[in-house]
Amino acid sequence: MHRRLAIFTSKVLVNANPIPITTATSTTLLYTQSNPLNPRTNGFAFFRLLSFTPGHRRVQDPDDPSNLMKEDGVSVCSQMWIENFREPGRTASNLTTYLRRFELWVLAYQKVCADDMGAYMPRSAIQRSALEDLLALRNAVLDNRFKWGARLDFLIKSPKDKTDYRSLSKRKIKAILTTTQPAAFQDKIVQEVLFMIMEPIYEARFSQKSFAFRPGRNAHTVLRVIRRTFAGYLWYIKGDLSTILDGMKVGLVIGALMRDVRDKKVIDLIKEALTTPVITSRLEEPKKKTKRKYQKKRVLAEDEPKPDPYWLDTFFGFAPEEAEKLPSWGHCGILSPLLANICLDELDQWMEGKLKEFYRPSKSDVIWNSPEGEAEQGNTSWPEFVPTSGPDKTRKMDFVRYGGHILIGVRGPRADAATLRKQLIEFIDQKYTLKIDNESLPIEHITKGIMFLDHVLCRRVVYPTLRYTATGGKIISEKGVGTLLSVTASLKQCIKQFRKLNFLKGDRDPDPQPCFRMFHATQAHTNAQMNKFLSTMVEWYRYADNRKKIVNFCSYIIRGSLAKLYAAKYKLRSRAKVYKIGSRNLSRPLKEKKGSSPDYHNLLRMGLAESIDGLQYTRMSHVPETDYTPFPSNWIPDHEKALLEYISLDDPKTLEDQRFSIRKQGLVSTQDYISMLVWNYKRNAIVMDQLSLIKSGGNNTEKEQHLLLGPDQDTYDQKSKEEEEHEEGFDIAEI
């Protein structure tokens with residue numbers, strides 16, 4: 001074998017040009033010849049040479065849609081956010097450029113697939129056929145051939161939709177065309193692309209007083225803003241404009257859009273989505289056949305989205321009144337909340353103008369007495385505390401809006417609140433053609449308690465000990481009096497929501513009811529579901545003053561409901577027996593009548609038994625305290641902070657200002673200092689011997705200084721002295 005291989009290699013080497021030698025092969029041969037004693041190269045270099053084939057460049061398919069993706073879709077979105085936050089007031093007139101970007105369509109496809117299938121699809125997993133269909137959808141939108149609300153003719157379908165619409169029967173086709181159907185997959189993609197283009201434009205323009213349907217803002221933000229800025233207000237106007245969320249005239253919506261967007265193609269797309277009728281009629285349902293007593297449950301497919309777990313479905317039932325309604329206009333889908341905020345932004349801008357108009361400072365007041373109205377309240381370390389003022393108070397107003405609900409706080413007489421209400425009714429009638437009366441905008445005093453987002457706002461009088469430093473450095477302590485704005489969770493609303501979910505009955509003396517929806521689940525699974533629900537409730541009431549009390553009440557209702565369920569399931573007759581066997585937190589197994597089976601812990605250790613977690617927060621001491629973290633006055637979300645900081649650092653003027661301030665203070669920046677060191681080393685061209693520096697011991701500092709200043713420094717000093725002496729001699733000669 002070795003002899004045949006030697007003969008074959010000699011024949012190949014004798015041949016003139018057996019293999020075209022390229023740069024890589026020549027490098028390999030040179031390396032082999034220069035290292036004759038290297039067994040690795042001598043043993044394998046020849047076989048590498050034989051196995052080498054000249055690399056041909058892969059010719060790209062011009063019809064491949066992936067060639068249109070020049071960069072990542074997330075970077076395109078980031079660039080749109082940066083551009084709009086850099087110039088928030090400019091009119092968006094050329095959005096078709098972004099509508100042509102295929103990267104945005106691929107990103108929209110990934111997001112819609114994640115919502116539709118319950119799993120994220122990376123870009124490498126998207127098939128070429130799907131990319132071609134996506135490109136056809138983009139071209140149809142650009143050529144004005146796209147139609148909203150298609151039922152049978154689709155340009156692109158969901159990966160899990162395997163239906164062949166050409167082979168459907170007439171009855172099924174009629175049912176599809178005449179009954180309510182979910183939004184088409186291609187409609188969702190177009191909605192997502194429009195949303196990615198429109199959101200950064202308006203997020204840079206929206207008022208800081210609006211909190212619903214916006215990134216980085218939620219109901220907790222509203223509660224913290226109210227506690228921070230609404231302290232000291234006596235009269236409150238609470239308005240319900242949620243009828244606007246049900247729908248508005250198309251002309252009003254398009255008029256609000258065209259204030260900032262002047263791209264005809266985008267405006268026409270949204271207009272068609274609003275005007276295209278939505279089929280909501282239903283066929284008469286045939287009579288259902290009587291089902292068997294025991295019917296096998298349908299097994300969900302792998303790519304089919306799973307329903308919400310019971311704990312999340314239960315928590316959704318606790319949605320406050322202000323957050324229950326989600327706008328859905330025509331075929332706009334996820335664009336509907338954004339369009340609602342665009343329309344209501346005119347109300348926000350009008351109210352901000354009224355805030356400046358209404359502000360009338362009083363010098364005799366202890367807070368808000370500056371003409372600009374930007375001064376902090378009396379105690380900056382405790383901004384929620386408002387000291388008692390004299391008879392002449394500063395007149396001030398503030399407001400927040402969460403969806404279609406507004407809350408206005410007025411510091412002043414009731415007549416001012418009545419005047420503002422009258423003007424607000426006229427503005428809403430003129431701008432939104434919505435007729436509302438005084439009953440829709442009630443004026444209430446803080447002492448009665450104001451309900452907002454299932455929390456009650458009330459005033460609490462406190463008498464703190466105020467310490468301050470007088471003239472001469474003497475510290476004076478004296479009793480003060482003032483008010484705090486208390487934000488308390490409404491127990492009445494909590495009972496109402498539990499009663500709606502069939503967890504209890506009765507108002508004054510609520511009695512837990514068994515939770516039969518979890519009857520067929522195991523004890524471990526049921527306890528885990530309820531623990532997740534309780535953890536979510538703890539987070540929901542995070543900023544309530546009575547957090548411990550309200551969460552302990554929720555735990556009592558859930559624990560009593562599960563105890564009645566287990567009593568019925570395991571035939572224990574009463575809750576007392578359930579608590580006796582399963583303990584207070586229901587962590588012991590209830591299958592055995594005894595408290596703990598002797599083999600349970602051994603089975604649990606071996607993994608043959610399911611571990612059972614006890615219910616959380618069964619005692620009030622287990623509930624965490626209320627979160628009183630100070631809230632900044634001019635708060636903005638983290639993503640907006642990052643955007644503004646990036647824009648500031650990207651501006652050359654910022655760098656120049658920093659350099660000017662450093663020079664003005666006589667300092668040297670770190671970059672300039674390092675540049676000076678590097679330049680000295682390069683100029684002097686000295687090779688530092690590290691061993692000699694280590695051996696030199698204590699004279700390192702002097703040598704380093706000598707290296708930094710350069711070897712010619714002494715010569716330069718001698719030359720400068722000689723030049724000075726020469727100049728002095730020349731001056732003397734002239735005299």
Side-chain angles (χ1 to χ4, degrees), residues 88-89 202-212 214 217 221-241 259 322 341-363 365-378 380 383-384 386 389 392-432 436 441-446 450 452 457 483 485 631-636 640:
Y202 285 98
E203 279 297 323
R205 292 170 166 83
F206 280 157
S207 169
Q208 297 297 330
K209 306 293 183 181
S210 170
F211 295 94
R214 297 184 62 187
R217 297 169 174 86
T221 313
V222 181
L223 295 175
R224 299 184 72 185
V225 168
I226 290 174
R227 172 177 282 161
R228 173 66 175 79
T229 61
F230 276 64
Y233 296 140
L234 300 178
W235 300 99
Y236 286 82
I237 304 174
K238 182 182 175 184
D240 183 5
L241 308 177
R259 286 188 293 112
E322 291 81 3
N341 272 335
I342 293 172
C343 296
L344 289 172
D345 185 59
E346 298 185 32
L347 174 63
D348 299 338
Q349 303 297 336
W350 182 83
M351 283 297 303
E352 287 185 354
K354 287 296 176 182
L355 296 185
K356 298 178 182 178
E357 179 184 336
F358 186 80
Y359 179 69
R360 278 169 282 179
S362 174
K363 292 184 179 180
D365 201 347
V366 293
I367 57 174
W368 300 315
N369 49 18
S370 64
E372 296 81 10
E374 298 177 357
E376 289 289 336
Q377 296 178 180
T380 55
E384 294 85 4
V386 178
S389 304
D392 189 13
K393 297 180 180 179
T394 296
R395 296 190 179 186
K396 197 173 185 297
M397 181 177 65
D398 205 347
F399 90 103
V400 292
R401 181 177 65 82
Y402 191 84
H405 295 260
I406 60 174
L407 182 68
I408 305 172
V410 178
R411 179 181 170 89
R414 189 184 186 279
D416 292 345
T419 304
L420 177 65
R421 178 175 64 177
K422 182 180 178 181
Q423 296 175 358
L424 181 60
I425 290 174
E426 293 176 356
F427 175 81
I428 293 173
D429 185 15
Q430 178 183 0
K431 183 58 79 175
Y432 303 110
I436 57 176
L441 294 171
I443 301 175
E444 298 178 352
H445 198 267
I446 186 62
I450 313 299
F452 197 72
L457 314 179
T483 58
L485 187 66
F631 196 67
S633 57
N634 298 322
W635 177 88
I636 58 174
E640 291 188 10

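Just the heavy atoms: all of them, side chains too, but no hydrogens, waters or symmetry mates, feed the values below. Computed from a predicted structure; not experimentally measured.
- Contact detail for Pro88 and Ala204: the closest heavy-atom pair is CB-O, 3.6 Å.
- Once rounded to the nearest 0.5 Å, the distance linking CD of Glu352 with CE of Met397 reads 10.5 Å.
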| said: Walk me through whether Val410 and Ile443 qualify under side chain to side chain contact (heavy atoms under 4.5 Å, CB included). | reply: CA-CA 10 Å; Val410 178; Ile443 301 175; over 6 Å; no

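- Residues Phe230 and Leu485 share a closest heavy-atom pair of CB-CD2, 3.7 Å.
- Checking side-chain atoms of Tyr402 against main-chain N and O of Leu407 turns up no donor-acceptor pair under 3.5 Å.
- Under the 4.5 Å side-chain criterion, counting only non-hydrogen atoms from C-beta, Phe452 is not in contact with Tyr236.
- Contact detail for Ser633 and Arg228: the closest heavy-atom pair is CB-NH2, 3.5 Å.
- When every heavy atom of Ser207 is checked against every heavy atom of Asp348, the shortest pair comes out as CB-CB, 3.7 Å.
- For the atom pair OH of Tyr202 and CZ of Arg259, the computed distance is 7.0 Å after rounding to the nearest 0.5 Å.
- Side-chain contact between Arg395 and Tyr359 is absent, with no heavy-atom pair separated by less than 4.5 Å.
- A cation-pi arrangement is present between Arg360 and Phe358 under the rule of less than 6.0 angstrom and at most 45 degrees off the ring axis.
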| Is there a side chain to side chain contact (heavy atoms under 4.5 Å, CB included) between Thr221 and Phe631 once you walk through the steps? | CA-CA 9 Å; Thr221 313; Phe631 196 67; 4.2 Å; yes

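- With respect to the salt-bridge test (charged N to carboxylate O, under 4.0 angstrom), the residues Asp345 and Arg205 do not qualify.
- Under a 4.0 Å N-O distance rule, the pair Asp398/Arg411 does not qualify as a salt bridge.
- In terms of heavy-atom proximity, Gly403 sits nearest to Ala212 at N-CB, 3.0 Å.
- In this structure, OG1 in Thr229 is found 7.5 Å from NZ in Lys396, a value given to the nearest 0.5 Å.
- Leu441 CG to Ile428 CD1: the interatomic distance, rounded to the nearest 0.5 Å, is 6.0 Å.
- Met351 CE to Arg401 CZ: the interatomic distance, rounded to the nearest 0.5 Å, is 11.5 Å.
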| Check against side chain to side chain contact (heavy atoms under 4.5 Å, CB included), Phe206 and Asn341 | CA-CA 8 Å; Phe206 280 157; Asn341 272 335; 3.7 Å; yes

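- The side-chain heavy atoms of Arg414 and His445, taken from C-beta on, include no pair separated by under 4.5 Å.
- Once rounded to the nearest 0.5 Å, the distance linking CZ of Arg224 with CZ of Phe211 reads 11.5 Å.
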| message | Using side chain to side chain contact (heavy atoms under 4.5 Å, CB included), reason through Leu424 and Leu347 one step at a time and then give a plain yes or no. | response | CA-CA 9 Å; Leu424 181 60; Leu347 174 63; 3.6 Å; yes

